Amino acid sequence: MTEPIKTPIGTAWFDEHGILWHRLDFGALITVELAEETIVFLEALRDGRVSPAIVDIGEITFAESAARAAFAGLRSEAEPATALLVPPSVNPAPGVLARQFEALESDRPIAVFETEEEAVAWAREFLPIP
């Protein structure tokens, strides 16, 4: 596990399996500029490492369509799969945004999960074979 780093929209780290986690901040309003900044942070954290990602979007408020497109365009060579974590909530926004993100064209699989356990089990299938 790596030490968490603060990104422009949340906190990111690698877990004990080698999965990149990115937990987005409560109430985050994600613009394309913030998305592009965040991608730079994540690439620095990744430092050439190939791994699936779990992105916890359960607390965000909104993400511009251009921001979602920027994240969908991440290279699959670095991130072979992305799990979006959206725990059940009274706030429907994260679920709606997850479905919009999932529908974007991407060269990697994107799936939505309600629990960390489901997301981790799925993401582990995409870890590189040592």
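Everything numeric in this text was worked out from a predicted model, so none of it was measured.
- Taking the side chain as every heavy atom from C-beta outward, T7 and L45 never approach each other to under 4.5 Å.
- Counting heavy atoms from C-beta outward, T61 and F26 have side chains that stay 4.5 Å or more apart.
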Does the pair T11 and H22 meet the rule for a side-chain hydrogen bond (donor to acceptor under 3.5 Å, both in side chains), with working shown? CA-CA 6 Å; T11 304; H22 193 199; over 6 Å; no

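- In this structure, the side chains of M1 and W13 come closer than 4.5 Å at one or more pairs of heavy atoms.
- For E77, the CD atom counts as densely surrounded, since its 6.0 Å shell holds more than 12 non-hydrogen atoms of other residues, nucleotides or ligands.
- For the atom pair E64 CD and R68 CZ, the distance stands at 9.0 Å (nearest 0.5 Å).
- Between the side chain of E36 and the main chain of E33, no donor-acceptor pair closer than 3.5 Å is present.
- Looking only at side-chain heavy atoms (C-beta outward), P52 and E79 stay at 4.5 Å or farther from each other.
- Minimum heavy-atom separation, W122 to A81: CH2-CB, 3.7 Å.
- V32 places none of its side-chain heavy atoms less than 4.5 Å from the side chain of E37.
- Residues I54 and L20 are not in side-chain contact: their nearest non-hydrogen atoms beyond the backbone lie 4.5 Å or more apart.
- In this structure, T38 and P8 approach most closely via the heavy-atom pair OG1-CD, 3.5 Å.
- If you look at F14 and W21, their ring centroids are not closer than 6.0 Å.
- R124 has no carboxylate O lying under 4.0 Å from a charged side-chain N of D15, or vice versa, which leaves the two without a salt bridge.
- Panel note: side chain R23, backbone G10; no donor-acceptor pair is recorded below 3.5 Å.
- D56 contributes atom CG, which lies 7.0 Å from atom CD of E116 (distance to the nearest 0.5 angstrom).
- Both V86 and I110 are part of a single hydrophobic cluster, where members link through side-chain heavy atoms under 4.5 Å apart.
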Is there a side chain to side chain contact (heavy atoms under 4.5 Å, CB included) between E118 and V112? Walk through the geometry before answering. CA-CA 9 Å; E118 293 170 321; V112 178; over 6 Å; no

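- V50 is listed as a side-chain neighbour of P80, based on a closest heavy-atom distance under 4.5 Å.
- In the hydrophobic cluster analysis, where Ile, Leu, Val, Met, Phe, Trp and Tyr join through side-chain heavy atoms closer than 4.5 angstrom, L34 is grouped together with I60.
- A donor-acceptor pair under 3.5 Å is formed between the side chain of R108 and the backbone N or O of A72.
- Although no hydrogens or angles enter the test, the distance criterion places no donor-acceptor pair under 3.5 Å between the side chain of R49 and the main chain of A78.
- V55 and F71 fall within the same hydrophobic cluster, where Ile, Leu, Val, Met, Phe, Trp and Tyr residues are linked whenever their side-chain heavy atoms come under 4.5 Å apart, directly or through other members.
- Using a distance-only test at 3.5 Å, with no hydrogens or angles considered, no donor-acceptor pair links the side chain of E59 to the main chain of G27.
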